[in-house]
K.L.:
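This is the structure, below, for whatever I ask next.
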Amino acid sequence: MAKTNLEALKQKISTFPRKDLIHRPTPLRRLDRLTKELGGPEIWIKRDDLTGLAFGGNKSRKLEFIIPDALSQGTDTIITWASVQSNWCMQTATAARRVGLRPILLLFKTSDQAADYDGNLLLDFILGADIRIREAEKGKIVSEEYVQEVLEEVVDEVKKSGHKPYVVSVGGSMPGWSMDKPLGAIAYAEAFVEMLDQTRSADARITHVIHATGSGATQAGLIVGAKAAHDRTQVIGISVSEGKGMLVPIVQKICLDTEKALTIDLGIEPSDIIVLDEYVKEGYGIINKETAEAIRMLFTTEGIVLDPVYTGKAMAALIDLVRKDYFRKDQGLLFFHTGGTPALFPYREALVKLLGGELSR
Ligand SMILES: Cc1ncc(COP(=O)(O)O)c(C=O)c1O
């Protein structure tokens, strides 16, 4: 029965236009040394950091569906926004270049770090993206009103110069502006299906998926994928920015939009959406000792690199939850590595300090 549901979901997703941008399926692997180190349930990883577009990540899956939408609207310029070291913006600029579109990036200074050409910002620069940097409140995601104001100016300017902009919201998550369907979440419903095919053939008994959640589409897509496939895996989103009071309704809204776009009725409710917000700690983009140690632990046990803003925080949460016996030992965890590794380098000073080293100059 579950197979039929899975096939039906695959068929529905296949009706959406797609541009091949990534290597699929991304690898699945058991993390034997990490599992042993933590002494808890079996831990697996799905390597969406290896999608193969620039440095990889969850955004390249989303862009496989967003780029054809932009092209179908006859656009020549893609505009989006996020913070200075945004993975989303870099991936969008990369995908835009691959299909011959001009990227304009509105980058908000949401952390104290200097906006140096480093990490994702260096890649944006090499890509020749039109980069506009703006001041913003630190440790927070920029408010919608502020974005709206700045964005309208840029859209006006592009139109006046005779170009056709396609505006897509941060993370490719919320429908609005030029994108009227939750294409990012549809990509992650498909990622769940891909994962299920892999875990079934590897005989991996996964009970929980753990991943970093920010603008919500990755989590919404995974939840829709699980529900539509009648699979009971619990998806746990580790918030890197917002409290769950704010994030759960966002994820639910994207789930409902995704159900509508896929013409399925799953009746997803807030109780189906698990967001843990206690690992945001000092704020969005602010690294702490637990995150630095989690990055070191996965690197030293498994040779896999995480980032300080998203996957490092999510792994710190996974480690803490295992240590606190949140899971039973006979359960199985899958960590979705959602990418973001270029942002490791701009955090070098904080990382070295938190890990007890000294920078020599
Ligand atoms: C590396 C990484 N992981 C996870 C996320 C969160 O994904 P979403 O915005 O779909 O919640 C992001 C979003 O920017 C990201 O860059």
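For ligands, and for the atoms within them, numbers begin at 1 and follow the listed sequence.
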K.L.:
Short list, please: which atoms of ligand 1 are under 4.0 Å from a heavy atom of Thr218?
P.N.:
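Near Thr218, meaning under 4.0 Å from one of its heavy atoms, ligand 1 has 7 (O), 8 (P), 10 (O).
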K.L.:
Of Tyr310, Phe336, Phe55, Tyr188, which has the heavy atom at the shortest distance from atom 5 (C) of ligand 1?
P.N.:
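The residue whose heavy atom sits nearest atom 5 (C) of ligand 1 is Tyr310.
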K.L.:
Report, in ascending order of atom number, the atoms of ligand 1 lying under 4.0 Å from any heavy atom of Gly340.
P.N.:
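Within the 4.0 Å cut-off of Gly340, ligand 1 contributes 1 (C).
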K.L.:
What atoms in ligand 1 come closer than 4.0 Å to a heavy atom of Ala212?
P.N.:
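Under 4.0 Å from Ala212, ligand 1 has these atoms: 4 (C), 6 (C).
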K.L.:
Asn120 and side-chain contact (heavy atoms from CB on, under 4.5 Å): which single residue from Ser83, Pro342, Pro346 fits?
P.N.:
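Testing Asn120 for a side-chain contact (heavy atoms from CB on, under 4.5 Å) against Ser83, Pro342, Pro346 leaves exactly one candidate, Pro342.
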K.L.:
Any donor and acceptor pair, going by atom type alone, linking the side chain of Lys281 with main-chain N or O of Thr291 inside 3.5 Å?
P.N.:
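Absent.
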K.L.:
Is Asp76 salt-bridged to Arg102, going by a charged N under 4.0 Å from an acidic O?
P.N.:
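Result for this pair is no, no salt bridge flagged.
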K.L.:
Check this for me, if you would: do Lys36 and Asp32 make a salt bridge, where the nitrogen-to-carboxylate-oxygen distance has to be below 4.0 angstrom?
P.N.:
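Answer for the salt bridge query: no.
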K.L.:
Considering only heavy atoms, does Asn58 approach ligand 1 within less than 4.0 Å through its side chain, its backbone, both, or neither?
P.N.:
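Just the side chain.
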K.L.:
Verify whether one side chain among Thr26 and Asp48 offers a donor that lies under 3.5 Å from an acceptor in the other.
P.N.:
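Yes, a side-chain donor-acceptor pair sits under 3.5 Å.
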K.L.:
For Asn87, counting its heavy atoms only, list the atoms of ligand 1 lying under 4.0 Å from any of them.
P.N.:
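Listed by number with element, the hits are 1 (C), 15 (C), 16 (O).
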K.L.:
Please confirm whether Gly339 approaches ligand 1 to less than 4.0 Å, judged on its heavy atoms.
P.N.:
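The answer is yes, since Gly339 has a heavy atom less than 4.0 Å from ligand 1.
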K.L.:
Taking the six-membered ring for Trp, are Phe327 and His208 parallel (under 30°), tilted (30 to 60°) or perpendicular (over 60°)?
P.N.:
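Geometry flag for His208 against Phe327: perpendicular rings.
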K.L.:
Answer yes or no: does an N/O atom from Lys59 fall short of 3.5 Å to an N/O atom of ligand 1?
P.N.:
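Among all N and O atoms of Lys59, at least one is under 3.5 Å from an N or O of ligand 1.
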K.L.:
So is Gly171 close enough to ligand 1, meaning a heavy atom under 4.0 angstrom away?
P.N.:
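Gly171: no contact with ligand 1 (<4.0 Å).
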K.L.:
Under the criterion side chain to side chain donor-acceptor pair (under 3.5 Å), which of Lys12, Arg18, Arg24 is the partner of Glu190?
P.N.:
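Among Lys12, Arg18, Arg24, the one that satisfies the side chain to side chain donor-acceptor pair (under 3.5 Å) with Glu190 is Arg18.
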K.L.:
Taking NZ, NE, NH1 and NH2 as the nitrogens, is one of them in Arg61 or Glu194 under 4.0 Å from a carboxylate oxygen of the other?
P.N.:
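Salt bridge present between Arg61 and Glu194.
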K.L.:
Would you check the N or O atoms of Gly216, main chain and side chain alike, for any that come under 3.5 Å of an N or O of ligand 1?
P.N.:
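Yes, there is a polar N/O contact under 3.5 Å.
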K.L.:
Please report which non-hydrogen protein atom sits nearest to atom 9 (O) of ligand 1, along with the residue it belongs to and the distance in Å to one decimal place.
P.N.:
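So the nearest neighbour among protein heavy atoms is Ser215 OG, 2.5 Å.
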K.L.:
Considering the heavy atoms of Thr213, write down every atom of ligand 1 situated less than 4.0 Å from one of them.
P.N.:
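Close to Thr213: 11 (O).
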K.L.:
For atom 3 (N) of ligand 1, what's the nearest protein heavy atom and its distance?
P.N.:
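Protein heavy atom with the smallest distance to atom 3 (N) of ligand 1: Thr338 OG1, 2.6 Å.
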K.L.:
Which pair of heavy atoms, one from Ala261 and one from Pro182, lies closest together, and at what distance?
P.N.:
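Scanning both residues completely, I find the closest heavy atoms to be CB-CD, 4.0 Å.
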K.L.:
What atoms in ligand 1 come closer than 4.0 Å to a heavy atom of Lys62?
P.N.:
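Atoms satisfying the 4.0 Å criterion: 8 (P), 9 (O), 10 (O).
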K.L.:
For Gly214 and ligand 1, does the shortest N/O to N/O distance drop below 3.5 Å?
P.N.:
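N/O-N/O distance below 3.5 Å exists for this pair.
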K.L.:
Would you mind checking if Lys353 and Glu349 are paired as a salt bridge, meaning a charged N to carboxylate O distance below 4.0 Å?
P.N.:
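Not counted as a salt bridge, because no side-chain N and carboxylate O are separated by less than 4.0 Å.
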K.L.:
At under 4.0 Å between heavy atoms, is it the side chain or the backbone of His211 that contacts ligand 1, or both, or neither?
P.N.:
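No part of His211 comes within reach of ligand 1.
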